[in-house]
Amino acid sequence: MNDNLEQDFSHIQWKAHYTVEPAPSDLNQGDKIILPASALEQLLQQATNLPSPLTFELRHPHSGATIHCGVKEFSSTGNTVQLPSWIMTTLNVKQEDHVLIKLVILPKGTWAKLQPITEGYRQITDYRAALEAHLRGHYTTLTQGQNIACRFGGQIYQFKILELKPQEAVSITDTDLEVDIQHDTQQVEQVKITQVKLNESISHVEIEKDDYKYWKLNLNPTISQNITVKLIVETGDAGILYNPFFFFLSS
């Protein structure tokens, strides 16, 4: 049970800088990171009774951009932290960059207002309950302003977190989180998914800041294949996020 706020963990003060590495793809659907064993050792040196779940603030060392997260395990090598691709995109960091991580105690979330970024989510049977279940199953924390991508069936639906209670970053483990959807049709865009084939090149793609473009790669499901996607950015910043069904380019 998450009773962190009912106990006093103020004596545990921990933060560290780590070198960024990409996490395994199965972590891209949630907010859990992989820290080195040395991080757990440092925490246990301060207290044998640690908060549960452990929640952290991730901060870009220069821009100050922040996001919050949980931890999957303590198994990364050396002085590295493994981050889901969407967290790397949100913080605008790439492999071998550095990130500041700090232990934080977050209150239990009670309410969240989400704004759909992509259309079609109402086709999901009881989409509000499905969204709440997805959040509980994949996320430890939520941060106001972040975008989340939820996969239902073969489609990815994106939502922006507009508001949270009781504060702008919360824990959602072992809590009943009420989710409201802001139905603003002017903000909802129809997602265009382009079919592509293996070894097909896509050139001269323009993408606005904080926007996404989607492609679906058609593969033979009976053949095991290792896929490499190469991205060349001529101007600005962009990153690739992917799941077993789609990959999408974000700016």
Side-chain angles (χ1 to χ4, degrees), residues 13-45 53-104 138-143 145-149 156 158 169 201-203 205-215 217 225-244 246-251:
Q13 302 291 324
W14 180 87
K15 63 181 178 180
H17 280 89
Y18 289 106
T19 302
V20 172
E21 294 290 339
S25 59
D26 62 328
L27 295 186
N28 288 334
Q29 294 296 318
D31 71 339
K32 294 177 178 61
I33 66 174
I34 299 178
L35 286 164
S38 59
L40 180 59
E41 294 170 359
Q42 293 167 12
L43 287 165
L44 290 173
Q45 287 174 1
L54 290 167
T55 51
F56 301 89
E57 176 194 86
L58 303 179
R59 181 179 294 271
H60 192 291
H62 304 301
S63 71
T66 60
I67 195 77
H68 296 80
C69 67
V71 59
K72 173 69 173 179
E73 58 191 44
F74 295 86
S75 62
S76 64
T77 59
N79 196 50
T80 65
V81 59
Q82 297 180 31
L83 303 181
S85 58
W86 72 268
I87 290 183
M88 294 176 65
T89 300
T90 298
L91 294 178
N92 194 24
V93 295
K94 58 184 182 298
Q95 187 170 358
E96 298 187 356
D97 282 350
H98 290 85
V99 65
L100 175 64
I101 304 180
K102 180 174 70 173
L103 178 72
V104 293
H138 294 82
Y139 289 83
T140 308
T141 70
L142 293 176
T143 305
Q146 81 177 81
N147 289 349
I148 59 172
I156 292 178
Q158 293 183 65
S201 296
I202 304 169
S203 59
V205 175
E206 295 185 2
I207 180 169
E208 299 294 331
K209 179 176 174 58
D210 298 325
D211 196 6
Y212 293 81
K213 289 188 182 295
Y214 294 79
W215 290 267
L217 182 60
Q225 302 177 73
N226 293 323
I227 306 298
T228 299
V229 179
K230 183 178 180 181
L231 170 66
I232 299 175
V233 180
E234 296 181 353
T235 58
D237 294 313
I240 295 176
L241 294 85
Y242 62 93
N243 72 17
F246 301 92
F247 64 92
F248 48 101
L249 182 65
S250 65
S251 175

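- The two residues Ala149 and Gln29 make their nearest non-hydrogen contact at O-OE1, 3.8 Å.
- Atom CE of residue Met88 and atom CG of residue Leu58 lie 11.5 Å apart, to the nearest 0.5 angstrom.
- Within 6.0 Å of NZ in Lys72 there are 12 or fewer heavy atoms belonging to other residues, nucleotides or ligands.
- Taking both residues in full, the closest heavy atoms of Ser76 and Pro36 are given as OG-N, 2.8 Å, listed atom of the first, atom of the second, then distance.
- Among all heavy-atom pairs drawn from Gln95 and Glu21, the shortest one is NE2-OE1, 2.6 Å.
- Of all heavy-atom pairs between Pro24 and Gln82, the closest is CD-OE1, 3.3 Å.
- Partners of His60 by side chain to side chain contact (heavy atoms under 4.5 Å, CB included), not counting sequence neighbours, listed by chain and number: His62, Ser63, Ala65, Val93.
- A distance-only check finds a donor-acceptor pair linking the side chain of Arg59 to the backbone of Gly64 [under 3.5 Å].
- In terms of modelled atom types and a separation under 3.5 Å, the side chain of Thr143 and the main chain of His68 share a donor-acceptor contact.
- For the atom pair OG1 (Thr141) and CD1 (Ile67), the distance works out to 7.0 Å, reported to the nearest 0.5 Å.
- Closest heavy-atom contact between Thr140 and Pro53: CG2-CG, 3.8 Å.
- With rounding to the nearest 0.5 angstrom, the CZ atom of Phe74 is 5.5 Å from the CG atom of Leu54.
- Atom-to-atom distance recorded for Leu35:CG and Tyr18:OH is 6.0 Å, nearest 0.5 angstrom.
- Contact check for Val99 versus Asp97: no side-chain heavy atoms found under the 4.5 Å cut-off.
- Contact of the Leu27 side chain with the Ile34 side chain is registered, since non-hydrogen atoms from C-beta on lie closer than 4.5 Å.
- Atoms CG and CD, on Leu100 and Glu57 in that order, are 7.5 Å from each other to the nearest 0.5 Å.
- Between Trp14 and Phe56, the ring planes lie perpendicular to each other; the angle is over 60°, past the 30° to 60° tilted range.
- Listed for the Asp31 side chain is no donor-acceptor partner under 3.5 Å among the backbone atoms of Ile87.
- With values rounded to the nearest 0.5 angstrom, Glu96 atom CD is found 11.0 Å from Thr80 atom OG1.
- Between His98 and Thr19 the shortest heavy-atom distance is NE2-OG1, 3.4 Å.
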